[in-house]
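Below, chains carry the letters A, B, ... as their sequence lines are ordered, and counting in each starts from 1.
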Amino acid sequence: MAELKYRTHHGMVDLLPEETPKWRALEEIIHNTARLYHFEEIRTPIMEQTELIVRGIGALSDIVTKEIFAFEKGDDHYILRPECTAPVVRSFIEHHLDQRGGTQKLYYIGPMFRAERPQKGRQRQFHQFGLELLGSDSPLADAETIRFMIDVVNRIGVRNTTLKLNSVGDPESRARYKEILQETLKPHLSKLSELSQVRFEKNPMRILDSKEEEDQPFIEMCPSILDYLNDETAAHFEQVKGYLDASGIAYEITPRLVRGMDYYTRTAFELTSPDLGSQDALAGGGRYDLLVEELGGPATPAVGFAAGMERLLLAAEELGINLGETPTPHVYIVTRGEAAVQWASKALSELRKKNVSVTTDYQARSIKAQMKEANRVQATYAIIVGDSELEEGLFTLRNMHDSSESKVSLEEIFKRLTN
RNA sequence: GAGCCCGUAGCUCAGGUGGUUAGAGCGCCAGGUUGUGGCCCUGGAGGCCGUGGGUUCAAGUCCCAUCGGGCUCCCCA
């Protein structure tokens, strides 16, 4: 294949007509589920201020340190959003959404950008949907968030997933636990992986999440954070579990689950699929009670999650689930001669006014070629128009499924195609 | 940031030890039916064999470089 002059950027893909139907089906499931839960959609810009993302996710997080698309124009620092929680929180603060009253239940769907090396289930432009529930401290909000997440995944038909659940503690519990962690690991610091050594001072909890072989024995030594939660946070976590039990949602308590964004407090969770191979995280989220205030808003407890749409579609495909259908026209108008094209031009408009999907040939090709195309696009009917039809005022209506044909008037065509 | 695999028609792929005009299936276009699809038959279009350099009388095939793609680790959705 000769070299192409223009191509997509590394890790960015075109969704071709064969693939867009399943995307629309997935989007529809998300919108429908949101309606059932009464979440409202929010759409924020793809670009944000760099500082928002850095402050929001954490300057030391992997996302910020190595996966960001950012550039400057004049004095402005632009960043392609790598996730949508910080942008939604920004919008919540900017537009004083707390003043709308009650708990804000927002959801979003859209592209995110991370400058990573692409591989299966991982692209530089990828899509997430997620929700953010702002203004509630209640464990019920956590449970609703998780229910929504699982509900969408189930509605797609992906069922064999694992929900990993943890509490990463409130600030007080966490501070205490961090000390314990550092005490435990300090004697072995030199034996930890380079990455973990860096994390030791700034964010020791991330060490628990390390997959480095050499870290494992020391991670084993560490106590569970769940044993260091204060009474209030422990009770909150118990209630979250209770609400999940009540709706029959199974979970696995994983005390070492620590998420990549620094803003999480208390409840943290992840949904994984065995059908995905190495990039097995379908969705993840948790509570972030301090973020709104940290970004300059009113103190507002919040919880949310984000799910990877490519990964969900991948899991669905792996399971042989067919999502969405290729759109087909109801009618294909076959024409012969300029007068017929004239007539078709009018008929196309009339039929569409009556909500009938209809197409025709744009190349003045042979009847045979047009019939072939009508067949390929799976039209239900073909209307054949030539000189004889125009003279008689009767048109050939062919049922493409059973090959039956009849000569009928325009009025009769409308009647048959619209009922 | 590190490692592994792969680049031949639109797609999926053949092209032993280098040897004349580079092939198949599917798809596309046309004809067989001068106004009728699916099946069948016939024909056609479509390839600087990713790119550049080297070895050789001769390179899709061997060597080097480079670009592109896929996958894995780390991390994440």
Side-chain angles (χ1 to χ4, degrees), chain A residues 1-11 13 16 18 57 60-67 82-85 109-130 149 153 193-196 199 206 209-213 215 257-261 269-273 276-285 304-315 332 334-337 340 361 363 365-390 395-405:
Chain A
M1 202 186 313
E3 210 169 2
L4 294 167
K5 193 167 181 186
Y6 301 111
R7 38 170 56 249
T8 58
H9 275 300
H10 195 46
V13 303
L16 302 177
E18 288 71 23
I57 304 178
L60 293 174
S61 66
D62 281 14
I63 290 178
V64 168
T65 55
K66 53 184 196 188
E67 299 173 357
E83 57 105 50
C84 215
T85 298
I109 302 180
M112 310 294 159
F113 304 82
R114 295 185 195 175
E116 297 182 280
R117 188 108 189 246
Q119 56 186 285
K120 190 176 184 185
R122 163 177 294 168
Q123 293 159 202
R124 290 188 156 196
Q125 175 176 341
F126 64 106
H127 298 78
Q128 290 188 331
F129 74 91
M149 176 178 83
V153 173
S193 67
E194 214 176 303
L195 193 58
S196 292
R199 287 167 170 168
R206 293 283 296 153
D209 206 31
S210 166
K211 273 130 198 146
E212 300 288 345
E213 195 65 47
D215 292 337
L257 176 71
V258 182
R259 303 202 28 85
M261 267 67 68
F269 54 87
E270 213 168 87
L271 191 71
T272 60
S273 159
L276 281 184
S278 55
Q279 316 305 321
D280 67 346
L282 284 175
F305 82 86
M309 294 170 73
E310 280 82 359
R311 290 186 186 178
L312 282 171
L313 291 174
L314 219 53
Y332 188 107
V334 175
T335 58
R336 182 162 184 260
D361 169 70
Q363 296 175 64
R365 290 186 293 179
S366 68
I367 300 243
K368 178 173 174 162
Q370 295 184 51
M371 287 302 292
K372 254 184 118 151
E373 181 166 33
N375 184 59
R376 185 173 54 233
V377 301
Q378 295 179 60
T380 312
Y381 290 98
I383 298 174
I384 301 164
V385 193
D387 294 338
S388 59
E389 282 85 357
L390 290 169
F395 307 90
T396 307
L397 181 65
R398 183 181 178 90
N399 181 319
M400 296 296 284
H401 296 327
D402 63 16
S403 300
S404 63
E405 232 173 68

Sugar-phosphate only, base, or nothing, as touched by A:R259 at under 4.0 Å among non-hydrogen atoms: sugar-phosphate
Sugar-phosphate only, base, or nothing, as touched by A:Q123 at under 4.0 Å among non-hydrogen atoms: base
Exercise: identify the closest heavy-atom pair between A:G285 and A:R259: O-CD, 3.3 Å
For the student: nearest non-hydrogen atoms of A:A315 and A:L276, plus distance: N-CD2, 3.7 Å
A:R336 side-chain N/O to A:S366 backbone N/O, donor-acceptor pair under 3.5 Å: no
Neighbour count >12 (heavy atoms, 6.0 Å) for atom CD, A:Q378: no
Touch class at under 4.0 angstrom, heavy-atom based, for A:E405 against every strand present: base
Touch class at under 4.0 angstrom, heavy-atom based, for A:H10 against every strand present: sugar-phosphate
Separation of B:G38 P from A:Y332 OH (nearest whole Å): 14 Å
Distance-only donor-acceptor test (3.5 Å): side chain A:E389, base B:G35: yes
Length of the line joining A:D402:CG and B:U36:P, which is rounded to integer Å: 19 Å
Separation of B:A2 C1' from A:K66 NZ (nearest whole Å): 11 Å
Nucleotide paired to B:C29 in any strand shown, Watson-Crick or G-U, under 3.5 Å: B:G43
d(CD, A:E83; C1', B:C75) in whole Å: 15 Å
Touch class at under 4.0 angstrom, heavy-atom based, for A:R199 against every strand present: sugar-phosphate
Sugar-phosphate, base or nothing in reach of A:E116, heavy atoms under 4.0 Å: base
Pair partner, B:A14 [Watson-Crick or wobble, under 3.5 Å]: none
Flag, side chain of A:Q370 to backbone of A:T335, donor-acceptor distance under 3.5 Å: yes
Closest contact, heavy atoms only, A:A379 versus A:Y332: CB-CB, 3.9 Å
B:G70 and B:U12, which share atom name C1', separated by this distance in whole Å: 16 Å
Sugar-phosphate, base or nothing in reach of A:L282, heavy atoms under 4.0 Å: sugar-phosphate
Touch class at under 4.0 angstrom, heavy-atom based, for A:A283 against every strand present: sugar-phosphate
Rounded interatomic separation in angstrom, taking CZ from A:R7 and C1' from B:G70: 13 Å
Proximal nucleotide (of B:U72, B:U36, B:C75) relative to the A:R206 side chain: B:C75
Any-strand Watson-Crick or G-U partner of B:G37, both distances under 3.5 Å: none
Please list, for nucleotides 29-31 of chain B, all pairs of protein and nucleotide N/O atoms separated by less than 3.5 Å.
from  : atom 1 : to     : atom 2 : distance (Å)
B:C29 : OP1    : A:R365 : NH1    : 3.2

A:K372 NZ to A:R365 CZ distance, which is reported to the nearest 0.5 Å: 10.0 Å
Touch class at under 4.0 angstrom, heavy-atom based, for A:G130 against every strand present: nothing
Sugar-phosphate, base or nothing in reach of A:S61, heavy atoms under 4.0 Å: nothing
Strand partner of B:C73, provided both Watson-Crick or wobble distances fall under 3.5 Å: B:G1
B:A58: pairing nucleotide in any strand, Watson-Crick or G-U under 3.5 angstrom: none
Given B:C4, B:A77, B:U36, the nucleotide with the shortest approach to the side chain of A:R117: B:C4
Base paired to B:G68 (Watson-Crick or G-U; both N/O distances under 3.5 angstrom): B:C6
Check: A:E310 side chain, A:H127 main-chain N or O, donor-acceptor pair, under 3.5 Å: yes
Under-4.0 Å side-chain N/O to phosphate OP1/OP2 contact, A:R336 with B:G35: yes
Gap between atoms CG and C1', on A:L16 and B:C11 respectively (whole Å): 12 Å
Atom-to-atom span, NE2 of A:H9 to P of B:G68 - whole angstrom: 11 Å
Protein-nucleotide distance (A:Q119, atom CD; B:C6, atom C1'), rounded to Å: 16 Å
Aromatic plane relationship, A:F305 with A:F129 - under 30° parallel, 30 to 60° tilted, over 60° perpendicular: perpendicular
Which nucleotide in B:U36, B:C75, B:A77 has an atom nearest any side-chain atom of A:M371: B:U36
